[in-house]
Peer 1: 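What follows is a structure written as structure tokens; I'll ask about it next.
On a predicted model such as this, the values are computed, not experimentally measured, just so you know.
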Amino acid sequence: MKKVLITGITSGLGQLVTRKLLRRQRGYQISGVDRTAWEGRPRGVSLTITDLRKRRFEDVIRRERPEVIIHIGSVRHFKGHPALRHEVNVGATKRLLDFSLSHGVKHVIIWSSSYVYGALPENPYYMDESFPLNSSRTYPEMRDLAEMDMLATAYLWRSPDITITVLRPVNVLGYHVHSAIGRYLRNGRVPTVMGFNPIMQFIHEDDVAEALVLAIECQTRGVFNLVGPGAVPLHVAIRETGSQKLPLPESLARPVINQLFRWGVYPFPPRAIDFAKYQCTLDGTRFREATGFTPRFSLAETFAAVRA
Amino acid sequence: MRAPVESLDARRRARQRTAGAPTRRTAPVRALPLPPPLPPAPRTASATPGELFAEGLRELWRQVNPDVISTTSEEVAARLRRIPTQLNEYGNDPWGFDVDVMRRALVFTTLLYRKWFRVETHGIENVPDGRVLVIGNHAGQIALDAAMIGTATVLEREPPRILRAMGEYWLPTVPFVNLLMTRTGSVVGTPKNCIDLLNQEEAVMAFPEGIRGMNKLFSERYRLQRFGFGFMRLALATRTPIVPVAVVGSEEQAPAIANLKGLARLLGLPALPITLTFPLLGPLGLVPLPSKYRISFGKPLRFEGNPDDEDAVIEKKVMKVVDTIQGMLDRGLRERAGIFF
């Protein structure tokens, strides 16, 4: 029995990973931490309701003595104060890594994002893991994710007796997972920038959960891009998820989205527009070679999961 | 309402019958003799570029009709089908190439290739199979030379190949232009893109002169500008043969008399050339002059060595490519009969 602690277990992805781990032949004992309750959770899964920033979180690690921590509890929305994102994503991750070191956790998986690379015009098509994290140049609201990622990478080199896996998945789509891209594509009328149609990579939520399980089982150490079945232009993704594009000239889109974001009507800050202009596509070879991961869901099935 | 009309008509016919002859008598008019056909416009070197330009426009108008477009489209589609690509279920390859956009773009460039620039291509058999770097001279203010080289390898080579052009870093920021660039198989010219493409045995086209070559003044025509070294390091690292290509005719399509660098920087453009027609004629000034293109592909050059050598070592190898292309250019200039034909 391997003891696994999942932060943010109540989220769509947390639930998927939990169920996937429980179905494995080799047994896992799963405990979770989240801020909300999970009604109807599988038997044997213990849940502690607390905030990662609270003292009680250390108590959970002390009590459960997990071997593996999957850290997917981070703030990805922009509804709160910017300081909230930083406190949770950077501050709480640092505490989690420190506790892991002091309480003998063997393996920590950090759930990062492909957005940390940023969408820049000169991005190559297939960025590997050594590519600089440029998100701060065009999209400073996402800086805390890059900081979290780099913090974990620093621990990775500093402490050789703990295995740290940093996963940078491309756009996750699915029925259960609430991802930024899912929210964007489900808008109905999706604002795009006129004259731009970048290539985007997608991955199905179930493949993502599978990849997290593989990361535990293969004890992969290091930073990995997680790439799905392929890439299509943004407009194809909009069409295939059953939405319609709303092309706006950039000079109009920026001020309008800026104002709507300030009023809290539109969920993404204006600088996020760059992701609808330039590609941020990754090279997933390293993870594939380390774990033998191959996505089971095709692009068509991935888009269908959003329409469902 | 019908009856009175009918009766009026009947009355008119009855009147004509009684008259028995046309009521109006006019003197018979003799048809004017047709003027003798005009002799075809003399196509001599003495014709001014303006006249030739107008003639070219008329010729294009005569040639471009739906029939020509549909037959060209079929021909291009047949050749594109013979090119192996890794398309996914939505018709895109991993580099953003879209076969449908490519076909439509090729119809346009094929007409330009055959009717406007009347391209003569030599040595197309020198483009080998497998990975290859096609290195050429860059000129003509807009990158039509790249389009013509790329069209040549699709139309003339057996089997046809798509060239992946390495674009300026500035191009992805231009609306619509970035789409045209990526959907037709070009990518932004970063070393990573080039290495990835070559490792997948693609043909990559690059112009190491970049903007320096493309936006040089007419007085500098056919004189190669400083070459970047990056292409040579990548060729050494990936063991890729280099095919030199020389384009003669591109310099005359838009002779630049000035380049307003200061204003260009202010507008965020890489260059702002003043040509004979631009900005004098506004957007119409972007239409290139119909100079005759001569494209020649040289024998593949193979280089050995450490890709991380000092610049001085790399420079010697680069200079060999530069000298080859310059030699091909000089020969092409000596041998051509005229600029526009």
Peer 1: After noting the C-alpha distance and the side-chain angles of Phe176(B) and Met194(A), does the key distance pass the side chain to side chain contact (heavy atoms under 4.5 Å, CB included) rule?
Peer 2: CA-CA 8 Å; Phe176(B) 300 105; Met194(A) 207 178 268; 3.9 Å; yes

Peer 1: For the pair Phe196(A) and Asn178(B), evaluate side chain to side chain contact (heavy atoms under 4.5 Å, CB included) and give the outcome as yes or no after the intermediate values.
Peer 2: CA-CA 7 Å; Phe196(A) 292 91; Asn178(B) 73 87; 3.3 Å; yes

Peer 1: So which atom in Pro121(A) and which in Tyr169(B) form the shortest heavy-atom distance, rounded to 0.1 Å?
Peer 2: CB-O, 4.5 Å

Peer 1: Is it true that atom NZ of Lys245(A) has more than 12 heavy atoms of other residues, nucleotides or ligands lying nearer than 6.0 Å?
Peer 2: no

Peer 1: Would you say Pro172(B) and Lys277(A) make side-chain contact, with heavy atoms under 4.5 Å?
Peer 2: no

Peer 1: Verify, without hydrogens or angle tests, whether Asn193(B) (side chain) and Tyr125(A) (backbone) share a donor-acceptor contact under 3.5 angstrom.
Peer 2: yes

Peer 1: Quick one: what part of Glu250(A) sits under 4.5 Å from any heavy atom of chain B, side chain, backbone, both or neither?
Peer 2: neither

Peer 1: Given heavy-atom pairs under 4.5 angstrom as the criterion, report whether the side chain, backbone, both or neither of Tyr278(A) touches chain B.
Peer 2: side chain

Peer 1: About how many Å separate CD of Gln279(A) and CH2 of Trp95(B), when rounded to the nearest 0.5 Å?
Peer 2: 10.0 Å

Peer 1: Where is the tightest heavy-atom contact between Asp196(B) and Tyr126(A), given as atom of each residue plus distance?
Peer 2: OD2-CB, 3.7 Å

Peer 1: Between Asp283(A) and chain B, which part of the residue has a heavy atom less than 4.5 Å away: side chain, backbone, both or neither?
Peer 2: side chain

Peer 1: Is it true that atom CZ of Arg265(B) has more than 12 heavy atoms of other residues, nucleotides or ligands lying nearer than 6.0 Å?
Peer 2: no

Peer 1: Report the distance from atom CZ of Arg183(B) to atom CD1 of Ile199(A), rounding to the nearest 0.5 Å.
Peer 2: 5.0 Å

Peer 1: List the steps, then state whether side chain to side chain contact (heavy atoms under 4.5 Å, CB included) holds for Glu122(A) with Trp170(B).
Peer 2: CA-CA 8 Å; Glu122(A) 66 266 30; Trp170(B) 172 73; over 6 Å; no

Peer 1: Go through the atoms of Val174(B) and report whether side chain, backbone, both or neither lie under 4.5 Å from a heavy atom of chain A.
Peer 2: backbone

Peer 1: Taking everything shown except Tyr90(B) itself, do over 12 heavy atoms lie less than 6.0 Å from its OH?
Peer 2: yes

Peer 1: Output the option from Pro191(B), Cys194(B), Pro94(B) having the highest count of non-hydrogen pairs under 4.5 Å with chain A.
Peer 2: Pro94(B)

Peer 1: Quick check for you: among Pro249(A), Gly230(A), Ser298(A), Pro233(A), which has the greatest number of heavy-atom pairs under 4.5 Å with chain B?
Peer 2: Pro233(A)

Peer 1: For chain A, which of Thr190(B), Thr173(B), Val188(B), Asn92(B) has the most heavy-atom pairs under 4.5 Å?
Peer 2: Thr173(B)

Peer 1: Evaluate the side chain to side chain contact (heavy atoms under 4.5 Å, CB included) criterion for residues Glu89(B) and Val232(A): first the C-alpha distance (whole Å), next the side-chain angles of each, then the deciding distance (0.1 Å), finally the verdict.
Peer 2: CA-CA 9 Å; Glu89(B) 63 251 59; Val232(A) 289; over 6 Å; no

Peer 1: Tell me if the CZ atom of Arg143(A) is crowded by more than 12 foreign heavy atoms within 6.0 Å.
Peer 2: no

Peer 1: Give a yes or no on whether the backbone of Ala231(A) and the side-chain of Asn88(B) come within a donor-acceptor separation of less than 3.5 Å.
Peer 2: yes

